[in-house]
J.: 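Next up is a structure, given as structure tokens.
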Amino acid sequence: MKSIISFILRNVPRKYIQMVSGPTMKVIGLFLRGNKVTCPIIDRSYRKFLPYGRVNPRPNALCPDSLSLERHRLLWLYLKQKTNFFNEQLHFLHIAPEQCFMKAFAKQHKDGYITADIESPLAKVKMDVHDIPFEDNTFDVAMCNHVMEHVDDDIKAMSEIYRVLKSGGWAIMQVPFFSPVGSVTYEDKSIVDPKERESVYGQDDHVRLYGHDYPDRIRQAGFEVIEDRFIDELGKDKIKKYALPANETIFFCKKN
């Protein structure tokens with residue numbers, strides 16, 4: 001199973017995976033039901049989750065029914081417990097929308113929920129994050145996860161998200177980190193060969209390798225950044241139950 005998932009992720013474009021993965025995974029999910037791990041997004045339990053990853057698939061990572069990964073389940077708990085996200089109807093921009101969230105987010109925020117992506121067939125708006133087609137001060141909340149490592153100019157993209165947020169609005173913009181994490185972000189625009197990019201950046205469609213200076217890069221766009229170690233508040237039992245990423249920091253970005 002690990003080798004099959006790795007092959008698909010490395011060779012099939014993301015938009016096609018998004019179109020067909022749902023029904024296939026639900027069938028697989030029937031054979032994995034149990035009580036060892038739970039996806040909090042759909043409140044459904046399994047013997048284990050599926051492996052996931054392009055190069056070295058992580059065990060116990062992908063929920064077959066919701067399609068959530070470790071980081072998605074952590075973020076769901078964070079939104080529930082530490083924000084106003086599920087307490088009121090917000091004007092919410094979801095960039096590169098994760099399929100595991102979309103149904104619940106649409107139910108909560110209704111017409112205020114706007115999905116956007118440059119190529120995803122799931123998104124309502126076709127959009128380049130470097131040039132967001134909305135007026136200043138439009139949204140209460142924005143989410144843009146695992147995108148900045150793909151874009152040409154991450155500071156410009158973050159600045160655009162800052163621009164379209166209302167004063168007092170907030171955003172979450174997670175990115176991947178690869179061990180060992182360097183002190184500063186590394187990028188070299190001369191690296192264009194996919195195999196070399198995979199070797200240097202960890203994935204062939206990444207254009208930079210983020211370091212510990214990531215929150216400072218967000219601050220360059222104007223945000224106040226809270227580096228929230230919410231994972232440490234949950235305890236080992238919940239980390240195991242929900243199969244969460246034990247080292248994930250959530251970057252809560254606020255427009256003052």
J.: Look at the side chain of S179 and the backbone N and O of V181, then say whether any donor-acceptor pair between them is shorter than 3.5 Å.
T.: no
J.: Answer yes or no: are there more than 12 heavy-atom neighbours, outside K36 itself, under 6.0 Å from its atom NZ?
T.: no
J.: Verify, without hydrogens or angle tests, whether T38 (side chain) and P40 (backbone) share a donor-acceptor contact under 3.5 angstrom.
T.: no
J.: Would you mind telling me which of R217, M158, M143, H146 makes a side-chain contact (heavy atoms from CB on, under 4.5 Å) with M173?
T.: M158
J.: What are the two closest non-hydrogen atoms of D228 and E233, and how far apart are they?
T.: OD1-OE2, 4.0 Å
J.: Taking C-beta and beyond as the side chain, do Y201 and E149 meet within less than 4.5 Å on heavy atoms?
T.: no
J.: For P97 versus D117, what's the shortest heavy-atom pair and its separation?
T.: CD-CB, 4.2 Å
J.: Are the charged groups of K195 and E198 less than 4.0 angstrom apart, N to O?
T.: no
J.: Looking at D65 and R33, is there a salt bridge between them, counting it only when a charged N and a carboxylate O are closer than 4.0 Å?
T.: yes
J.: Taking the ring of H109 and the ring of F85, is the distance between their centroids below 6.0 Å?
T.: yes
J.: So that I can tick it off, tell me whether E70 and R58 are bridged by a salt bridge, with the cut-off set at under 4.0 angstrom between side-chain N and carboxylate O.
T.: yes
J.: Ring centroid separation for Y214 and H212, is it under 6.0 angstrom?
T.: no
J.: Distance alone, cut at 3.5 Å: any donor-acceptor contact between the side chains of T185 and D213?
T.: yes
J.: When the side chains of residues 244-254 are checked against the rest of the protein, which donor-acceptor pairs come out under 3.5 Å, sequence neighbours left out?
T.:
from	atom 1	to	atom 2	distance (Å)
E248	OE2	Q174	NE2	3.0
T249	OG1	R229	NH1	3.4

J.: Can you see whether K255 engages N137 through a side-chain donor-acceptor pair at a distance of less than 3.5 angstrom?
T.: yes
J.: Mind listing the closest non-hydrogen atom pair of M102 and T115 along with its distance?
T.: CE-CG2, 4.0 Å
J.: Does the distance from a Lys or Arg side-chain N to an Asp or Glu carboxylate O, for R197 and D205, drop under 4.0 Å?
T.: no
J.: Angle between ring planes, Y46 versus F49, binned at 30° and 60°: parallel, tilted or perpendicular?
T.: tilted
J.: Please identify each residue that fulfils ring pair (Phe, Tyr, Trp, His ring centres under 6.0 Å) with F134, with sequence neighbours left out.
T.: F139
J.: For Y113, is there any backbone N or O sitting under 3.5 Å from a side-chain donor or acceptor partner on H91?
T.: no
J.: Would you name the heavy atoms of L67 and C100 that are closest together and state the gap between them?
T.: C-CB, 3.9 Å
J.: Carefully, step by step, assess I161 and C144 under the rule side chain to side chain contact (heavy atoms under 4.5 Å, CB included).
T.: CA-CA 9 Å; I161 293 171; C144 183; 3.9 Å; yes
J.: What are the two closest non-hydrogen atoms of W170 and L165, and how far apart are they?
T.: O-CD2, 3.8 Å
J.: How far apart are the closest heavy atoms of S45 and N35, and which atoms are they?
T.: CB-CA, 4.2 Å
J.: Could you list all the salt bridge (Lys or Arg N to Asp or Glu O under 4.0 Å) pairs where at least one residue sits in residues 83-104, not counting sequence neighbours?
T.: none
J.: Between E227 and R219, is there a salt bridge with N-O shorter than 4.0 Å?
T.: yes
J.: Only one of D140, T138, D136 forms a side chain to side chain donor-acceptor pair (under 3.5 Å) with K166, so which one is it?
T.: D140
